[in-house]
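Notes follow once the structure below has been shown.
All figures in this text were calculated on a predicted structure; none of them were measured in a lab. A, B, ... follow the sequence lines: proteins, then strands. Residue 1 opens every chain.
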Protein chains: 2
Amino acid sequence: MNIGEAARTSGVSAKMIRHYEASGLLRPAARRSNGYRDYGEVDVRELQFIRRARNMGFATIEIIDLLSLWRDRSRASRDVHHLAARHLADLETRIAEMQAMARTLGRLVTACHGDERPECPILDDLGRCPPSE
Amino acid sequence: MNIGEAARTSGVSAKMIRHYEASGLLRPAARRSNGYRDYGEVDVRELQFIRRARNMGFATIEIIDLLSLWRDRSRASRDVHHLAARHLADLETRIAEMQAMARTLGRLVTACHGDERPECPILDDLGRCPPSE
DNA sequence: GCTGCACCTTCCCATCATGGGAAGGTCAAT
DNA sequence: ATTGACCTTCCCATGATGGGAAGGTGCAGC
């Protein structure tokens with residue numbers, strides 16, 4: 001199957017498939033005599049795996065490890081668990097940071113009347129001299 | 001004041017100060033006879049403004065607008081409010097997306113026993129054939 | 001056979017915020 | 001004069017994704 005069909009079937013764009021190959025995430029695809037990449041069922045399943053992992057926010061470098069664990073039938077689930085738990089903690093940290101931003105911003109947005117007058121708590125806050133930082 | 005001192009005072013790295021200037025976020029700094037950039041109090045206050053806005057997750061392009069509103073004493077707070085509300089909505093969308101990832105991943109991490117056995121619900125989920133997508 | 005269209009290839013560029021580092025000029029203190 | 005800390009510009013890298021150019025291939029219709 002051509003890269004286009006593999007892309008359609010797996011939900012990963014052809015651009016990204018080539019990119020994953022170049023990044024060492026996927027082994028170099030088989031080539032037909034005309035130089036076209038040739039994919040089979042197994043490849044499509046790997047691509048779907050990658051897509052699902054990306055949907056959960058795993059970075060390429062983590063997916064490399066996840067893929068090799070997936071392929072390894074004698075893996076220890078501990079290794080997968082460790083990888084996933086680390087990523088989860090990471091996600092939660094970033095969520096907390098963004099929530100802190102959103103909380104601050106939400107307070108300011110509520111405080112700003114948002115009419116034609118120039119007074120604006122949002123700008124006041126941004127321009128406020130930091131206390132003693 | 002040299003760029004290094006402006007960086008220390010404002011909390012924005014010298015690299016980023018130059019970058020903001022090149023991006024049109026800041027007007028070109030004054031130069032001394034030796035070619036060094038020269039900053040004053042006002043510049044440092046703008047840098048702090050930028051830093052605070054970045055801490056709330058505003059993108060450069062939004063900060064350009066925020067800065068011009070900040071400088072404009074006859075602005076309408078409506079414009080600031082609109083900008084901030086849009087960014088807040090954006091933040092909340094991204095938080096929700098990440099929370100969805102974290103929820104899914106959290107369930108899987110809990111389900112994975114994480115020992116030396118190869119069975120692993122995390123990999124099973126990632127490798128699962130999508131139902132009818 | 002030729003034309004046209006859809007597909008493939010590689011290569012380069014752009015995003016966005018940030019930093020690393022090189023090559024070279026300046027300044028102040030010893 | 002040397003040294004070390006600073007400054008300048010320029011190029012490169014990150015990470016995931018896409019745009020687009022230039023050129024080859026394959027198939028369908030005429």
Side-chain angles (χ1 to χ4, degrees), chain A residues 1-26 28-40 43-44 46-67 87 90-91 94 97-98 101, chain B residues 1-26 28-40 43-44 46-67 87 90-91 94 97-98 101:
Chain A
M1 136 179 33
N2 279 345
I3 198 173
E5 194 182 344
R8 258 168 273 127
T9 314
S10 66
V12 178
S13 75
K15 273 284 201 205
M16 288 312 295
I17 296 178
R18 294 194 197 96
H19 176 69
Y20 290 148
E21 180 180 326
S23 316
L25 219 165
L26 297 172
R31 300 289 184 134
R32 311 198 114 132
S33 53
N34 57 13
Y36 286 17
R37 287 175 181 79
D38 193 15
Y39 297 92
D43 305 296
V44 169
E46 294 211 348
L47 285 168
Q48 285 166 342
F49 181 97
I50 292 173
R51 187 167 59 84
R52 298 179 63 85
R54 293 253 355 106
N55 284 347
M56 288 214 243
F58 283 100
T60 298
I61 192 153
E62 294 167 324
I63 301 182
I64 292 178
D65 294 343
L66 283 174
L67 262 177
H87 175 55
D90 216 70
L91 266 180
R94 280 186 288 146
E97 286 168 357
M98 293 178 69
M101 291 178 189
Chain B
M1 134 177 37
N2 278 346
I3 198 172
E5 193 181 343
R8 259 168 272 125
T9 314
S10 66
V12 177
S13 75
K15 272 285 201 201
M16 288 310 296
I17 296 179
R18 293 194 198 95
H19 176 69
Y20 289 149
E21 180 179 326
S23 317
L25 219 167
L26 296 172
R31 298 291 183 134
R32 310 199 116 129
S33 53
N34 57 10
Y36 286 17
R37 286 175 181 79
D38 192 15
Y39 296 93
D43 304 296
V44 169
E46 293 209 348
L47 285 169
Q48 285 166 342
F49 181 96
I50 291 172
R51 187 168 59 86
R52 297 180 64 85
R54 291 251 359 104
N55 284 348
M56 288 214 240
F58 284 100
T60 298
I61 192 154
E62 294 168 324
I63 301 182
I64 291 177
D65 293 343
L66 282 174
L67 263 177
H87 175 54
D90 217 70
L91 267 181
R94 279 186 288 147
E97 286 168 356
M98 294 178 69
M101 292 179 189

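- Summary of the strand contacts: B:Asn2 and B:Lys15 both lie near DNA chain D, and taking for each the nucleotide with the nearest heavy atom, the more 5' one is attributed to B:Asn2.
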Checklist entry - Once Watson-Crick and G-U wobble pairs under 3.5 Å are found, how is DNA chain C written in dot-bracket notation, 5' to 3', with | for any base paired to another strand? => result ||||||||||||||||||||||||||||||

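- Rounding to the nearest 0.5 angstrom, the gap separating the CD1 atom in B:Ile17 from the CZ atom in B:Arg51 is 11.0 Å.
- Between B:Ser10 atom OG and B:Glu5 atom CD the span is 10.5 Å, to the nearest 0.5 Å.
- Looking at heavy-atom distances under 4.0 Å, A:Tyr20 makes contact with sugar-phosphate atoms alone, never a base.
- B:Arg32 comes within 4.0 angstrom of nothing in the nucleic acid, heavy atoms only.
- In summary, contact between chain B and DNA chain D, defined as any nucleotide atom under 4.0 Å from a heavy atom of the protein, begins and ends at D:dC6 to D:dC10 in the 5' to 3' direction.
- By the ring-ring contact (aromatic ring centres under 6.0 Å, His included) test, B:Tyr36 pairs with no residue at all, sequence neighbours left out.
- Panel note: side chain A:Asp43, backbone A:Gly40; a donor-acceptor pair is recorded below 3.5 Å.
- Using a 4.0 Å heavy-atom distance criterion, A:Ala14 is classed as making no nucleic acid contact.
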Polar-atom pairs under 3.5 Å, protein N or O versus N or O of nucleotides 27-30 of chain C: list them with distances, or write none.
from, atom 1, to, atom 2, distance (Å)
C:dC27, OP1, B:Asn34, ND2, 3.1

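- The CG atom of B:Asp65 lies 10.0 Å from the CG atom of B:Leu25; values are rounded to the nearest 0.5 Å.
- A:Arg31 has its CZ atom 14 Å from the C1' atom of C:dC7, to the nearest Å.
- Nearer the 5' end of DNA chain C, as judged by each residue's closest nucleotide, is the contact made by A:Arg8, out of A:Arg8 and B:Phe58.
- The CD atom of A:Glu97 sits 10.5 Å away from the CG atom of B:Asn55 when rounded to the nearest 0.5 Å.
- Using modelled atom types, no side-chain atom of B:Arg37 and backbone atom of B:Asn2 make a donor-acceptor pair closer than 3.5 Å.
- Between B:Thr9 and B:Met1 the shortest side-chain heavy-atom distance falls below 4.5 Å.
- Across the protein-nucleic acid pair, B:Leu47 atom CG and C:dT18 atom P stand 13 Å apart, rounded to whole Å.
- Among the atoms of the strands shown, base atoms are found under 4.0 Å from some heavy atom of A:Arg18.
- In this structure, CZ of B:Arg37 is placed 17 Å from P of C:dG25, rounded to the nearest angstrom.
- At the heavy-atom level, A:Ile61 lies nowhere under 4.0 Å from the strands shown.
- Under the rule for a ring-ring contact (aromatic ring centres under 6.0 Å, His included), the partners of B:Phe58 that lie at least two apart in sequence or sit in another chain are B:His87.
- Judged by distance alone, with hydrogens and angles left aside, the side-chain atoms of B:Arg31 form no donor-acceptor pair with the main-chain N or O of B:Asp38 at under 3.5 Å.
- Using a 4.0 Å heavy-atom criterion, one finds that B:Ser13 contacts the sugar-phosphate atoms exclusively.
- Contacts of A:Ser23 classified as side chain to side chain contact (heavy atoms under 4.5 Å, CB included), with partners at least two apart in sequence or in another chain: A:His19.
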